[in-house]
Amino acid sequence: MEVSVIGSSQAKILRTDSACRELGLLGFKNGSGVFWRRSRISFGRSYGLRSSGVRLTLKAVQTEAIPPQKISRPRSRGGVRLYVGLPLDVVSNSNVVNHARAIAAGMKALKLLGVEGVELPIWWGVVEKEAMGKYDWSGYLTLVEMVHKVGLKLHVSLCFHGSKHPKIPLPEWVMKVGEHNPSIFFTDRAGQQYKGCLSLAVDEVPVLEGKTPVQVYNDFCESFKSSFSSFIGSTINGISMGLGPDGELRYPSHQGLSRSSKVPGVGEFQCYDKSMLALLKEYGETTGNPLWGLGGPHDAPAYNASPSSNSFFKDHGGSWESPYGDFFLSWYSGLLIRHADRLLFLASSAFGDSEVAICGKIPLVHQWYKTRSHPAELTAGFYNTQNRDGYEVIAEMFAQHSCKMILPGMDLSDEGQLQEGLSSPGLLLGQIWSACKKHGVEVSGENSSDAVARGGFEQITKHLSGEDAANSFFYQRMGAYFFSPEHFPSFTQFVRSMKQPQMHTDDLPSEEEEALGPVAVTSESGIRMQTAQS
């Protein structure tokens, strides 16, 4: 399949063309000549990136000048700005842009759809790979220039964590430090280490060649600010600060969870590395409970167990409601909050004068939310139970640093969850949103999965409408599936629903103009979609 749109400002003939109908280009004529209006953009035919067997090439559409009185003025319903995440490995471990031509074509397609911008993950393990203070921004600079050229906005996520899929580890020099000092990593009760990020217990301990992790993160941010100064505040209009595993503010309590289990487990507390145990011991002695500071809860279940499998999380009579439970959970959640406080302060200090939105992301740990103890949230570090609101203090801390909160899971509904897991993403979203509203924190939404389930787009639209709607939404994530026939038409319809133009009366075509129908435009520039031949 090949679709071409060709136009010329010299053209005087109007014609109907199915390709132009798909692209939503309408041509009208009046007494002063011909003018053009794009009413909609819909790629009704399948296309995708190279791995899906489809090739997409786009060139900018050029039209003749439109008289000022004829310009349509689209207004985004609700004012929600939509961003699409670029592939996690858009910049490879060797610091080059992966599939650069396909990425450029994809971004042009997003621009035509009316998407505000893209989100770019910048990995600590790629930029500062070989040695502390040795930064290589080359791949990301190339990518940012591509975004600038297309005319999209860019939201940058600074990733101080690693990824398994695709495999992007922490910097090589950090991993070498960890070989000699394993206490820089989170550790569970069985001694299993999580090497996807550093333990927050060493935030202010000089474990990285004489520097603390917070100092190293600050140097990274300063280098980024210097290297991208010409783009920050213009093309780059938002920066997310990585706060933990997968960039989220939480403990890696999920590291031992089985993906094959239908009913999710509660996870495990991550407080058994040397540094965490030292802080727990100190807290016990400070509060007059030295014996309580000798280790984590002995009666907490294993990763894949249910809350009732042991006594700590039981709804009635569980240790979580005891004085010891309050002692431990207050300490455990308090460390997480102080970690976020340090990093958001760092981000605000580094970028506060740059006219960019500063963000942090928290997880939506909705499993077992309908129990009294909320065990999955407790192991992740959120002291949120039926008796206690654990998100008030977090929203207040975000507000103090003038940071926006990125909240995932807006494609989820309670109806789509297994009843056995007693999950409620809807109720949890409502609780967090209420805390943010109370403290004046702006919320940006995000979907939970690359493959949005049936009804997911409708659920997102529902969350993005109304008085308390998010001001922006990050759709995750561009790739072969994103541009597939199974997905892209639905995404296109979703964008249309969020950015439906409203025409002023003086912009509406007359009956004569309507009768002409859609037309093709001619010029040297155009758009071409072509299915790759196998």
Under 3.5 Å side-chain donor-acceptor pair for Gln459 and Asp411: no

Going by salt bridge (charged side-chain N to carboxylate O under 4.0 Å, His left out), name the residues that satisfy it together with Glu204, two or more places apart in sequence or in a different chain. Arg342

State whether the side chain of Ser226 and the backbone N or O of Glu222 hold a donor-acceptor pair below 3.5 Å, judged by distance alone. no

Partners of Gln193 by side-chain hydrogen bond (donor to acceptor under 3.5 Å, both in side chains), sequence neighbours excluded? none

For Gly409 and Leu429, which heavy atoms make the closest approach, and how far apart are they? O-CD1, 3.8 Å

Could you go through the side chain to side chain donor-acceptor pair (under 3.5 Å) check for Asn447 and Gln476 one step at a time? CA-CA 6 Å; Asn447 52 307; Gln476 306 300 334; 5.6 Å; no

Heavy-atom pair with the smallest gap, counting every atom of Ala470 and Leu464: CB-CD2, 3.8 Å

Looking only at heavy atoms, which two atoms of Met410 and His463 are closest? And how far apart? O-CD2, 3.1 Å

Going by the rule salt bridge (charged side-chain N to carboxylate O under 4.0 Å, His left out), which residues pair with Glu446 if we only count those two or more places apart in sequence or in a different chain? Lys361

Could you tell me which non-hydrogen atom of Phe398 sits nearest to which non-hydrogen atom of Gly360, and how far apart they are? CE2-O, 3.6 Å

Between Arg477 (side chain) and Leu86 (backbone), is there a donor-acceptor pair under 3.5 Å? yes

Please tell me if the side chains of Phe186 and Cys197 come closer than 4.5 Å, counting only heavy atoms from C-beta onward. yes

Determine, stepwise, if the pair Glu392 / His439 fulfils side chain to side chain donor-acceptor pair (under 3.5 Å). CA-CA 8 Å; Glu392 280 272 351; His439 294 282; 2.8 Å; yes

Is there a donor-acceptor pair closer than 3.5 Å between any side-chain N or O of Ser465 and the backbone N or O of Thr461? yes

Heavy atoms from other residues, nucleotides or ligands near CZ of Phe345 exceed 12 (cutoff 6.0 Å): no

Pair Tyr83, Phe473 - check ring-ring contact (aromatic ring centres under 6.0 Å, His included), show working. CA-CA 6 Å; Tyr83 294 78; Phe473 187 83; over 10 Å; no

Side chains of Asn93 and Pro166, heavy atoms from C-beta outward: is any pair under 4.5 Å? no

With sequence neighbours left out, the residues meeting side-chain hydrogen bond (donor to acceptor under 3.5 Å, both in side chains) with Asp341 are His401

Aromatic plane relationship, Phe457 with Phe494 - under 30° parallel, 30 to 60° tilted, over 60° perpendicular: tilted

Is Lys134 paired with Glu128 through a side-chain N to carboxylate O contact shorter than 4.0 Å? no

So does Val91 get a backbone contact from the side chain of Asn98, meaning a donor-acceptor N/O pair under 3.5 Å? no

Run the ring pair (Phe, Tyr, Trp, His ring centres under 6.0 Å) test against His161 and tell me which residues pass, sequence neighbours left out. Trp123

Start with the C-alpha gap between Trp137 and Phe231, add the side-chain angles, then the distance that decides, and say whether ring-ring contact (aromatic ring centres under 6.0 Å, His included) holds. CA-CA 14 Å; Trp137 299 100; Phe231 298 102; over 10 Å; no

Are side-chain heavy atoms of Lys404 and Val441 found at a separation under 4.5 Å? no

Under 3.5 Å, is there a donor-acceptor pair between the side chain of Gln417 and the main chain of Asp414? no

Looking only at heavy atoms, the pair that brings Ser472 and Ser444 closest together is OG-OG, 2.6 Å

Applying side-chain hydrogen bond (donor to acceptor under 3.5 Å, both in side chains), can you list everything that pairs with Thr235, at least two apart in sequence or on another chain? His148

Minimum-distance pair of heavy atoms, taken over all atoms of Pro425 and Leu364: CB-CD2, 3.9 Å

Proximity of Phe488 and Phe482 rings by center, below 6.0 Å: yes

Under 3.5 Å, is there a donor-acceptor pair linking the side chains of Ser157 and Glu119? yes

Can you list every side-chain hydrogen bond (donor to acceptor under 3.5 Å, both in side chains) pair that touches residues 349-358, not counting sequence neighbours? Lys225-Asp353

Who are the ring pair (Phe, Tyr, Trp, His ring centres under 6.0 Å) partners of Tyr369, not counting sequence neighbours? His374

With sequence neighbours left out, the residues meeting ring pair (Phe, Tyr, Trp, His ring centres under 6.0 Å) with Tyr391 are Phe382

Determine, for Asp89 against Lys167, whether the closest basic-nitrogen to carboxylate-oxygen distance falls under 4.0 angstrom. no

Please report, to 0.1 Å, the donor-acceptor pairs under 3.5 Å made by any side chain of residues 149-156, with sequence neighbours excluded.
unit_1	atom_1	unit_2	atom_2	d
Lys153	NZ	Ser234	O	2.9
His155	NE2	Ser240	OG	2.6

Going by the rule side-chain hydrogen bond (donor to acceptor under 3.5 Å, both in side chains), which residues pair with Ser138 if we only count those two or more places apart in sequence or in a different chain? Asp136

Could you check if a side-chain atom of Asp203 sits within less than 4.5 angstrom of a side-chain atom of Leu200, using non-hydrogen atoms only? yes

List the residues meeting ring pair (Phe, Tyr, Trp, His ring centres under 6.0 Å) with Tyr217, not counting sequence neighbours, and say none if there are none. Trp124, Phe160

